[in-house]
Amino acid sequence: MTRRFLFVLGSSRSDGNTELLARRAAEQLPEGVEQQWIDLAAHPLPEFEDLRHDSDHVRPTRGNVALLLDATLAATDVVIVSPLYWYSVSAHVKRYLDYWSGWLRTPGVDFKATMAGRTLWGVTALAHEEQEVADPLVGTLSNSAAYLRMRFGGVLLGNGSKPGDVLGDAEALARAKTFFAQDAPLARFPYETD
């Protein structure tokens with residue numbers, strides 16, 4: 001399968017530090033690798049309604065839910081581009097991930113089997129020098145990938161608060177040059193052993 005990257009932008013601010021860092025990393029992808037960028041602020045999802053025990057699931061055919069479902073299913077690589085908001089992913093991204101729960105039960109989608117073996121990545125900017133504060137965000141993405149038996153490429157971390165600050169983070173920009181070139185291992189829950 002030809003690689004196809006879906007970049008899910010989860011910031012409340014356009015062209016923020018996290019998006020700038022993600023775009024720097026995406027510039028390094030080889031020619032011919034398809035990229036789709038979806039801004040969740042511009043394509044908002046309605047409140048998620050948990051219907052997992054109901055039987056009236058239907059596949060959405062239009063609107064933002066259908067757009068994101070189709071884009072997610074078509075991607076070999078899903079990149080969550082979320083600033084660090086209160087030590088985890090943004091509300092936009094959390095809602096998108098909540099929809100994954102519904103898609104697990106959507107007839108004709110076979111979401112879990114389709115996503116297995118694909119790769120989940122993360123990109124985030126934080127206004128904190130100690131990168132460990134991003135561990136909850138990393139855990140959210142890593143555990144989500146483990147549940148779906150996806151690969152997890154890790155999270156590209158950059159530092160920045162004011163618009164454009166991340167462009168001064170030389171270490172993050174250097175990591176961005178090779179971020180998507182690394183091998184992504186199969187994600188595992190922390191309690192799983194070899």
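These numbers were taken from a predicted model, which means no experiment stands behind them. For this chain, numbers begin at 1 and follow the sequence in order.
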Quiz prompt | Lys94 to Phe48 six-membered ring, cation-pi geometry met (6.0 Å, 45°) | solution = no

Quiz item: In Å, rounded to the nearest 0.5 Å, how long is the span from CG of Leu69 to CG of Asn64?
Solution: 12.5 Å

Quiz item: Sub-3.5 Å donor-acceptor pair from the side chain of Thr114 to the main-chain atoms of Leu73, do we have one?
Solution: no

Self-check item: Salt-bridge contact Glu47-Arg95 (side-chain N to carboxylate O under 4.0 Å)
Solution: yes

Quiz item: Hey, does Arg4 have a side-chain heavy atom less than 4.5 Å from the side chain of Gln36?
Solution: yes

Exercise. Give, for atom CZ of Arg118 and atom CG of Asp77, the distance between the pair rounded to the nearest 0.5 Å.
Key: 9.5 Å

Self-check item: Qualifying ring-ring contact (aromatic ring centres under 6.0 Å, His included) pairs with a residue from residues 63-88, counting only residues at least two apart or across chains
Solution: none

Exercise. Report yes if the side chains of Lys112 and Tyr147 come closer than 4.5 Å at any heavy-atom pair, otherwise no.
Key: yes

Self-check item: Asp70: side-chain hydrogen bond (donor to acceptor under 3.5 Å, both in side chains) partners, not counting sequence neighbours
Solution: Arg59

Self-check item: Student check: side-chain heavy atoms of Thr18 and Pro83 closer than 4.5 Å
Solution: yes

Practice problem: Could you tell me which residues satisfy side-chain hydrogen bond (donor to acceptor under 3.5 Å, both in side chains) with Thr72, sequence neighbours excluded, listed by chain and number? | Solution: Tyr96

Self-check item: Pairs where residues 150-174 contributes a residue and the test ring-ring contact (aromatic ring centres under 6.0 Å, His included) is met, not counting sequence neighbours
Solution: none

Exercise. Can you sort out the partners of Gln28 under side-chain hydrogen bond (donor to acceptor under 3.5 Å, both in side chains), two or more places apart, ordered by chain and number?
Key: none

Practice problem: Sort out for me which residue in Asp169, Asp165, Asn17 forms a side chain to side chain contact (heavy atoms under 4.5 Å, CB included) with Asn159. | Solution: Asp169

Quiz prompt | SB check Glu27 Arg23 (cutoff 4.0 Å) | solution = no

Self-check item: Main-chain N/O of Leu157 paired with Arg175 side-chain donor or acceptor, under 3.5 Å
Solution: yes

Self-check item: Co-members of the apolar cluster containing Phe180 [side chain, <4.5 Å]
Solution: Phe5, Phe7, Leu9, Leu20, Leu21, Leu29, Val33, Trp37, Val79, Val81, Trp121, Val123, Leu156, Val166, Leu167, Leu173, Phe179

Quiz item: Got more than 12 heavy atoms from elsewhere within 6.0 Å of CD, Glu129?
Solution: no

